[in-house]
Amino acid sequence: MLERVETFNMNIVIDEFEEMTRNADQVQKQTLKEILQKNKSAIYLQNCGLNGNSTNQEETFKAMVPLVTDIELEPYIKRMVDGDTSPILTGRPVPAISLSSGTSQGRPKFIPFTDELMENTLQLFRTAFAFRNREFPIDANGRALQFIFSSKQYISKGGVPVGTATTNVYRNPNFKAGMKSIQALCCSPDEVIFSPDVHQALYCHLLSGILFRDQVQFVFASFAHGLVHAFRTFEQVWEKILKDIETGVLSDCITVPSVRTAMSKLLTPNPELADTIRTKCLSLSNWYGLIPVLFPNAKYVYGIMTGSMEPYVQKLRHYAGDLPLVSHDYGSSEGWIAANVTPRLSPEEATFAVIPNLGYFEFLPVSETGEGDYNKPVGLTEVKIGEEYEVVITNYAGLYRYRLGDVVKIIGFYNKTPQLKFICRRNLILSINIDKNTERDLQLSVETAAKRLSEEKIEVIDFSSHVDVSTEPGHYVIFWEISGETKEDVLQDCCNCLDKAFIDAGYVGSRKCKTIGALELRVVGKGTFRKVQEHFLGLGSSAGQFKMPRCVKPSNVKVMQILCENVVDKFFSTAYDD
């Protein structure tokens with residue numbers, strides 16, 4: 001039986017998006033109606049008093065269904081994970097459960113995954129690809145070097161498949177057929193993508209890319225961190241890869257039988273290719289422009305580069321040289337929200353247009369103090385340009401008026417749908433008393449201090465933080481892994497700079513009156529943050545979905561242990577000394 005391949009018409013997809021966004025308000029009403037109709041038998045909705053027959057569905061829904069977070073829904077989802085097949089949050093039992101990365105909250109969240117979410121994923125990918133391909137057309141015979149990793153699903157004690165959101169997408173039977181018409185052929189065999197060993201998979205992704213180097217049209221990873229990690233790894237293993245190409249024999253470091261068999265089929269002795277790559281690598285200055293040198297026909301580099309991924313953009317730009325960096329679309333483990341329909345914008349300027357039929361969206365105003373709990377959410381078309389909001393989503397998979405915890409800024413409108421810029425996660429990560437600092441505040445502090453480090457030709461490889469209240473007064477601890485050694489006075493300057501860069505009034509006032517102690521900079525040894533990543537991968541996180549935790553809670557004993565055991569130097573700020 002021949003496999004069905006969908007045909008893709010870029011202009012039709014763009015026209016459909018234009019039509020939908022011109023009628024965003026009506027599409028939202030219809031989407032909510034469909035969600036409530038499909039799930040009208042859900043116990044959760046019935047407990048809220050909804051019967052699905054209201055004439056003014058929007059107003060009734062908002063009046064009777066409360067705003068919630070994952071904490072309120074956790075007992076319901078746990079029943080689903082444990083095998084309760086009654087209509088708990090959805091009208092029908094869910095086919096799978098997604099696990100979030102766990103780095104934002106310090107623990108993975110269980111999230112229902114349904115066929116509708118799979119369809120939403122394919123719709124968003126089609127839309128984004130249409131706009132991207134209009135700007136950067138891909139050749140028909142082109143390939144993509146994709147650093148994608150699918151971890152294993154496991155079956156819960158209740159018999160429900162559980163895996164990361166990316167794993168549930170990649171393993172869904174509709175994924176491959178749905179993507180064939182909108183995606184350049186992947187360089188790597190499927191066995192590499194589904195490898196149980198992510199290190200071997202990464203090595204083979206790099207090797208596969210070079211074997212097909214002239215056909216590579218773009219380079220992709222879910223996150224900028226994944227792209228930077230991949231090419232930092234290449235710096236370490238490139239000579240081993242070239243030996244494989246030269247001899248046609250795969251390195252002994254690849255031990256997974258299925259991966260070894262698949263990769264061996266791609267390899268034949270090719271000393272000429274090995275010599276070409278060797279000459280090009282040796283001609284580079286500090287690996288600048290590595291990606292276009294390896295892949296001369298690549299047109300762009302693609303991945304999520306906003307939010308917590310911004311710290312990696314500078315290094316990624318170093319590897320990419322003059323190649324455009326294109327920001328991947330905006331979503332979460334809970335579902336997709338918006339597409340990048342202006343792909344030529346730099347990561348720093350990137351905005352995302354909400355696709356009005358992916359869910360029912362509300363926006364909770366965030367005041368200057370960061371307190372939005374008592375404000376009334378507004379609808380998709382009621383948001384105001386320049387204002388910041390927390391995203392509230394109602395989707396087909398049983399999340400109703402669910403607070404995502406993401407803060408976005410409205411930059412403009414595409415027809416009648418808002419264009420968003422991701423600002424930060426809502427939850428405060430650094431707070432001792434009246435101080436309130438978010439992940440974004442930490443990131444800006446690190447960026448400011450890193451400028452002092454860059455004067456010494458050294459960069460911050462990665463960073464995290466911790467609130468230490470074991471002493472009185474409590475103080476902030478910033479962990480840095482840096483690319484080389486430098487003088488102590490430089491690191492002391494960086495420490496002072498970090499402290500001064502937190503401009504929250506509560507923090508500044510507390511530092512001045514000594515109710516918060518001097519900020520501490522702890523420099524950790526090279527490879528420390530890789531050990532942190534290994535820890536999370538060992539807990540079941542997907543390499544493609546991994547995000548470095550920007551604040552380590554005291555409860556995360558193992559990560560604190562890894563960081564503290566690898567500290568090589570400590571500095572305390574003197575920025576507020578009299």
Side-chain angles (χ1 to χ4, degrees), residues 12-40 45 48 50-68 116-117 119-124 126-128 130-131 329-332 334-342 351-366 372 375-404 406-422:
I12 288 176
V13 172
I14 291 175
D15 287 347
E16 287 174 351
F17 180 77
E18 295 282 349
E19 177 70 17
M20 192 187 304
T21 53
R22 277 195 293 268
N23 298 288
D25 193 36
Q26 285 305 115
V27 173
Q28 278 281 277
K29 286 183 170 65
Q30 183 60 32
T31 300
L32 178 62
K33 183 179 178 182
E34 286 179 9
I35 289 171
L36 296 180
Q37 184 61 33
K38 281 196 170 191
N39 298 317
K40 64 183 179 182
L45 289 178
C48 291
L50 286 188
N51 57 22
N53 298 320
S54 171
T55 50
N56 193 343
Q57 214 148 23
E58 270 188 303
E59 291 311 310
T60 304
F61 175 70
K62 290 177 184 178
M64 304 188 82
V65 178
L67 295 173
V68 295
E116 289 86 357
L117 284 194
E119 281 304 310
N120 284 353
T121 299
L122 293 174
Q123 181 193 338
L124 179 125
R126 277 192 295 269
T127 302
F131 282 94
D329 312 283
Y330 170 46
S332 64
E334 288 84 355
W336 289 103
I337 296 163
N340 182 356
V341 297
T342 49
T351 63
F352 307 95
V354 179
I355 301 183
N357 72 338
L358 294 186
Y360 181 75
F361 301 105
E362 298 171 79
F363 295 85
L364 192 59
V366 177
N375 291 321
K376 186 180 177 184
V378 298
L380 181 73
T381 58
E382 299 167 337
V383 293
K384 294 179 180 177
I385 293 174
E387 296 294 314
E388 293 186 2
Y389 300 88
E390 180 182 354
V391 180
V392 178
I393 184 172
T394 296
N395 69 11
Y396 287 92
L399 302 184
Y400 306 101
R401 307 199 80 198
Y402 179 92
R403 293 176 60 169
L404 268 185
D406 288 356
V407 175
V408 298
K409 186 173 186 176
I410 308 302
I411 303 301
F413 283 86
Y414 189 101
N415 293 325
K416 291 185 178 178
T417 199
Q419 287 190 286
L420 317 172
K421 184 175 179 64
F422 180 87

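Nearest heavy-atom pair across Leu364 and Lys376 is CD1-C, 4.3 Å. Contact record, Leu380 with Ala24: CD2-CB, 4.2 Å, taken as the closest heavy-atom pair. When all heavy atoms of Arg22 and Lys416 are compared, the closest pair comes out as O-CD, 3.4 Å. Across all their heavy atoms, Phe413 and Gln419 have their closest contact at O-OE1, 3.8 Å. Phe352 and Ala338 get closest at one heavy-atom pair: CB-CB, 3.5 Å.
Applying the 6.0 Å contact sphere to NZ of Lys33 captures no more than 12 heavy atoms from other residues, nucleotides or ligands. Heavy atoms from other residues, nucleotides or ligands lying under 6.0 Å from NZ of Lys62 number more than 12.
The side-chain heavy atoms of Val68 and Tyr400, taken from C-beta on, include no pair separated by under 4.5 Å. Proximity of Thr342 to Tyr414: side-chain heavy atoms (C-beta onward) are nowhere separated by under 4.5 Å. With contacts defined as side-chain heavy-atom distances shorter than 4.5 Å, the pair Trp336/Thr127 does not qualify. In this structure, Leu36 and Lys40 have side chains that are not in contact, with every pair of non-hydrogen atoms separated by 4.5 Å or more. Phe131 has its side chain out of reach of Val13: every pair of non-hydrogen atoms, C-beta onward, lies at least 4.5 Å apart. Looking at Leu122 and Glu119, their side chains come closer than 4.5 Å, going by heavy atoms from C-beta outward.
To the nearest 0.5 Å, the span separating CG on Leu45 from CE on Met64 amounts to 10.5 Å. Atom OG1 of Thr381 sits about 11.5 Å away from atom CG of Asn23, to the nearest 0.5 Å. Separation of atoms CZ (Phe361) and OG1 (Thr417) is listed at 8.5 Å; rounding is to 0.5 Å. Once rounded to the nearest 0.5 Å, the distance linking OG1 of Thr121 with CD of Glu116 reads 11.5 Å. Atom CD of Glu16 sits about 8.5 Å away from atom CD of Gln123, to the nearest 0.5 Å. To the nearest 0.5 angstrom, Glu390 atom CD is 8.0 Å from Asp406 atom CG.
Paired with Pro418 under the rule side chain to side chain contact (heavy atoms under 4.5 Å, CB included), one option of Val383, Ile385, Val408 passes, and it is Val383. Partner of Tyr360 under the side chain to side chain contact (heavy atoms under 4.5 Å, CB included) criterion, out of Val392, Ile393, Leu32: Leu32 alone.
Here the side chain of Asn395 pairs a donor or acceptor atom with the backbone of Leu399 at under 3.5 angstrom. Checking side-chain atoms of Thr394 against main-chain N and O of Arg401 turns up a donor-acceptor pair under 3.5 Å. Without hydrogens or angle criteria, Glu387 side chain to Ile410 main chain gives no donor-acceptor distance under 3.5 Å. A donor-acceptor distance shorter than 3.5 angstrom exists from the side chain of Gln28 to the backbone of Gly359, with no hydrogens or angles considered. Tyr389 places a side-chain N or O within 3.5 Å of a backbone atom of Lys384 that can act as its donor or acceptor partner. Distance alone, capped at 3.5 Å, is enough to place a donor-acceptor pair between the Asp329 side chain and the Asn340 backbone.
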Stepwise side chain to side chain contact (heavy atoms under 4.5 Å, CB included) test for Met20 and Ile355: CA-CA 8 Å; Met20 192 187 304; Ile355 301 183; 4.0 Å; yes
Step-by-step side chain to side chain contact (heavy atoms under 4.5 Å, CB included) determination, Ile337 to Phe422: CA-CA 12 Å; Ile337 296 163; Phe422 180 87; over 6 Å; no
Residue pair Asn120, Tyr396: steps toward the side chain to side chain donor-acceptor pair (under 3.5 Å) verdict: CA-CA 10 Å; Asn120 284 353; Tyr396 287 92; over 6 Å; no
